[in-house]
Amino acid sequence: MSLATRPAAPTALTPDERRITLVIAAVQFINILDFMMVMPLGPDFARALGIPAAHIGYIGGSYTAAAAVAGLIGSMLLDRFDRRRALAVAMAGLIVSTALGGLAWDFPSLLAARVLAGLFGGPAVAVAIATLTDQVAPQRRGQAMGAVMSAFSLSAIAGVPVGLELALYGGWRLPFFAVAFAGLVVAVAAIAILPPQRGHLTAGTGAEVKTGAWVRMTALLSRRKVWLAYATVALVQVQQFMIVPNIAAYVQGNLGFPRDHLSLVYMTGGALSFFASRWAGRLVDRHGSSAITFAATVGLSVVIFTAFIGYRPWMPVLGLFPFFMTFVGVRMVANGAAFSRVPDPQERAGFMALVSAVQHLSSAFGAFLSAEILTNAPDGRLEHVSTMATVSIAIGLAIPLLTLWLERATRPAVPPSPATMITDTVLDGAGQSR
């Protein structure tokens, strides 16, 4: 990368940016925990409700499919409202629907509760990230995204292990109620701390603000860089979510890892991912998104191959799956920083709502695809895991290239140097140019 196009040296977040980042990170923690908690609990509620282990992916996929639909609707509506108010409504719906999940009595009722949670969770993520992007300067968004995306790690360090332990002592329903209560606390704090978020409503001209939702979305989708962003996030989510819903069932049923120690997998992976994500944010600000995405994708592919295709009995589970979570977290930071440069302020929530829709739809596709590939053996093992892993790795190979194209498409134009401007002026005056 030339000196002219190298990203500016990162600076520290301002106090206001740091406060906004902390609030959004807390909101993101609840959103991610609400989704992540369900998959490790899969074998527990599958036994209790008589659900085949190979169908756990449908539970996770139902949430993401619903969130995708909500994201599509939100892309046309969210930029018309105060972001704080929209966030309050989305979080309230997420809290109630999560509590309803704990009241499920069979597969259809649990599926319905997760669909309802997805309908509110998708817009909540979109509004939260749009708020962060509005409030943090472009040259510091890598750090902010690193802090917010570390919520993924924190949910694995603290949230998921605590949920698994609660399920051991109080049944699989208790974690749902605990997450709903934590979400209520975070939602109240976020509404109290965040000021009204209406700057995007006046960022454009009067005509731009009053433009119809369909016209705004059509204009957004007419840009190449927008389609690059959506294609990138789609492949990222399909690759990851062919694997994520099946980790708990695979390590217990195929590798013989004890259920009592399952929380260690998520705690270790979350700890590694937490520190790696914060470090990755600074690397993205310094070196760009494409380089970090390439490194994370290579690492992720190696882990998937080793764990699901080339696994040997002497390989420790705690030496493999935590690194899967680490590389996922690092790549999320790099992608989030790249996406933040695509939209204009007045269309940011709509853009992020569509990103959320694509993320969740792609996650659902990945989860459903793995559920179609996998089958249950009579002894409880998952069969055809090598096929699932091969397809996941193949999909991931295109992600670094798409990220590179996206980064080039969103790179700001380099203004002419003072020396060049003086030379042009002299040539113009002498009649020797143009």
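The chain is numbered in sequence order, starting from 1. Predicted model only: the values in this text are computed from it and were never measured.
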A.B. asks: Could you check if a side-chain atom of M37 sits within less than 4.5 angstrom of a side-chain atom of V179, using non-hydrogen atoms only?
C.D. replies: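 The answer is yes, as the side chains (C-beta and beyond) meet within the 4.5 Å cut-off.
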A.B. asks: Would you call V233 and N335 a side-chain contact if the rule is heavy atoms closer than 4.5 Å?
C.D. replies: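 No, side chains not in contact.
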A.B. asks: Just wondering, do Y250 and V385 contact through their side chains at under 4.5 Å, heavy atoms?
C.D. replies: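 Of all side-chain heavy-atom pairs linking Y250 with V385, at least one is under 4.5 Å.
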A.B. asks: Working to the nearest 0.5 Å, report the span between CE of M267 and CG of L272.
C.D. replies: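 The CE atom of M267 sits 12.5 Å away from the CG atom of L272.
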A.B. asks: Could you check whether atom CZ of F368 has more than 12 heavy atoms from other residues, nucleotides or ligands sitting under 6.0 Å from it?
C.D. replies: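 Yes.
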A.B. asks: Looking only at side chains, do R331 and Q239 share a donor and an acceptor under 3.5 Å apart?
C.D. replies: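 Yes, a side-chain donor-acceptor pair sits under 3.5 Å.
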A.B. asks: Would you please test I59 and Y63 for side chain to side chain contact (heavy atoms under 4.5 Å, CB included) and show each step?
C.D. replies: CA-CA 7 Å; I59 299 293; Y63 175 99; over 6 Å; no
A.B. asks: Take V38 and F45 through the side chain to side chain contact (heavy atoms under 4.5 Å, CB included) test and state the conclusion after the steps.
C.D. replies: CA-CA 9 Å; V38 173; F45 64 67; 3.8 Å; yes
A.B. asks: As a test of understanding, state which of L300, L369, I243, I373 forms a side-chain contact (heavy atoms from CB on, under 4.5 Å) with S392.
C.D. replies: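 Result: among L300, L369, I243, I373, I243 is the only option passing the side-chain contact (heavy atoms from CB on, under 4.5 Å) with S392.
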A.B. asks: To the closest 0.5 Å, what do you measure between CG (L406) and NZ (K225)?
C.D. replies: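 So the CG of L406 and the NZ of K225 are separated by 9.0 Å.
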A.B. asks: Any sub-3.5 Å donor-acceptor pair from N254's side-chain atoms to L382's backbone N or O?
C.D. replies: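 Yes; judged by distance alone, with no hydrogens or angles, the pair exists.
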A.B. asks: Would you give the length of the straight line joining atom CG of L255 to atom CD1 of I247, rounded to the nearest 0.5 angstrom?
C.D. replies: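 The CG atom of L255 sits 11.0 Å away from the CD1 atom of I247.
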A.B. asks: For A280 and V333, work out which heavy atoms get closest and say how close.
C.D. replies: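 Heavy atoms only, the tightest pair is C-CG1, 4.1 Å.
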A.B. asks: Is the centre of the F308 ring less than 6.0 Å from the centre of the F321 ring?
C.D. replies: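 Centroid separation for F308 and F321: below 6.0 Å.
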A.B. asks: Drop me the distance from L110's CG to S62's OG, to the nearest 0.5 angstrom.
C.D. replies: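 Rounded to the nearest 0.5 Å, the CG-OG separation comes out at 7.5 Å.
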A.B. asks: Going from CD on Q240 to OG on S362, what distance comes out if it is rounded to the nearest 0.5 angstrom?
C.D. replies: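 Those atoms lie 10.5 Å apart.
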A.B. asks: What is the ring orientation for W227 with Y230, classed by angle as parallel under 30°, tilted 30 to 60°, or perpendicular over 60°?
C.D. replies: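 Taking Y230 first and then W227, their aromatic rings stand perpendicular (interplane angle over 60°).
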A.B. asks: Can you check whether F324 reaches V244 side chain to side chain, under 4.5 Å on heavy atoms?
C.D. replies: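 Touching, per the 4.5 Å side-chain cut-off.
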A.B. asks: What closest approach, in Å, do A86 and V127 show between heavy atoms, and which atom pair accounts for it?
C.D. replies: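 Shortest heavy-atom contact: CB-CG2, 4.1 Å.
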A.B. asks: Taking C-beta and beyond as the side chain, do H261 and L264 meet within less than 4.5 Å on heavy atoms?
C.D. replies: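 They are in contact (side-chain heavy atoms under 4.5 Å apart), so the answer is yes.
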A.B. asks: Testing the basics here: between G163 and L41, what is the closest heavy-atom pair and its distance to 0.1 Å?
C.D. replies: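 The answer is O-CD2, 4.2 Å.
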A.B. asks: Could you please spell out the steps behind the side chain to side chain contact (heavy atoms under 4.5 Å, CB included) verdict for H384 and T375?
C.D. replies: CA-CA 7 Å; H384 311 301; T375 58; 3.4 Å; yes
A.B. asks: Quick one: do N31 and M91 satisfy side chain to side chain contact (heavy atoms under 4.5 Å, CB included)? Show the steps, please.
C.D. replies: CA-CA 9 Å; N31 275 279; M91 288 297 291; 3.9 Å; yes
A.B. asks: Side chain of E407, backbone of T403: donor and acceptor closer than 3.5 Å?
C.D. replies: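 No, because the side chain of E407 does not come within donor-acceptor range (under 3.5 Å) of the backbone of T403.
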A.B. asks: Specify the closest pair of heavy atoms between V342 and A338, including all atoms of both residues, with the distance to one decimal.
C.D. replies: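 Closest pair (atom of V342, atom of A338, distance): CG2-O, 3.9 Å.
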A.B. asks: Could you tell me whether F294 atom CZ has more than 12 heavy atoms of other residues or ligands within 6.0 Å of it?
C.D. replies: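 At most 12 heavy atoms, drawn from other residues, nucleotides or ligands, come within 6.0 Å of this atom.
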A.B. asks: So which heavy atom on A334 is nearest to which on T293, and how close?
C.D. replies: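 Scanning both residues completely, I find the closest heavy atoms to be CB-OG1, 3.4 Å.
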A.B. asks: In this structure, which one of I304, L374, I393 forms a side-chain contact (heavy atoms from CB on, under 4.5 Å) with M388?
C.D. replies: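 Result for side-chain contact (heavy atoms from CB on, under 4.5 Å) with M388: L374.
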A.B. asks: Any heavy-atom pair between the side chains of V96 and L116 that's under 4.5 Å?
C.D. replies: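 Answer no - side chains too far apart.
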A.B. asks: With rounding to the nearest 0.5 angstrom, report the CZ to CG distance, R114 to L100.
C.D. replies: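 It is 10.5 Å, given to the nearest 0.5 Å.
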A.B. asks: Which atom pair, heavy atoms only, marks the closest approach of D34 to A117?
C.D. replies: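 The pair with the smallest heavy-atom distance is OD2-CB, 4.1 Å.
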A.B. asks: Quick one: are Y311 and L320 in side-chain contact, heavy atoms under 4.5 Å?
C.D. replies: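 Yes, their side chains come closer than 4.5 Å.
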A.B. asks: Might you confirm whether atom CZ of F257 has over 12 heavy atoms from other residues, nucleotides or ligands at distances under 6.0 Å?
C.D. replies: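 Yes, CZ of F257 has more than 12 neighbouring heavy atoms, counting only those of other groups under 6.0 Å.
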A.B. asks: Is T306 reaching over with its side chain to a backbone N or O of V303, donor-acceptor style, under 3.5 angstrom?
C.D. replies: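 Absent.
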A.B. asks: For P161, is there any backbone N or O sitting under 3.5 Å from a side-chain donor or acceptor partner on S263?
C.D. replies: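 The answer is no, because no donor-acceptor pair under 3.5 Å joins these two groups.
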A.B. asks: Taking the side chain as every heavy atom from C-beta outward, state whether W405 and L402 have any pair of such atoms under 4.5 Å apart.
C.D. replies: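 W405 vs L402: side chains touch.
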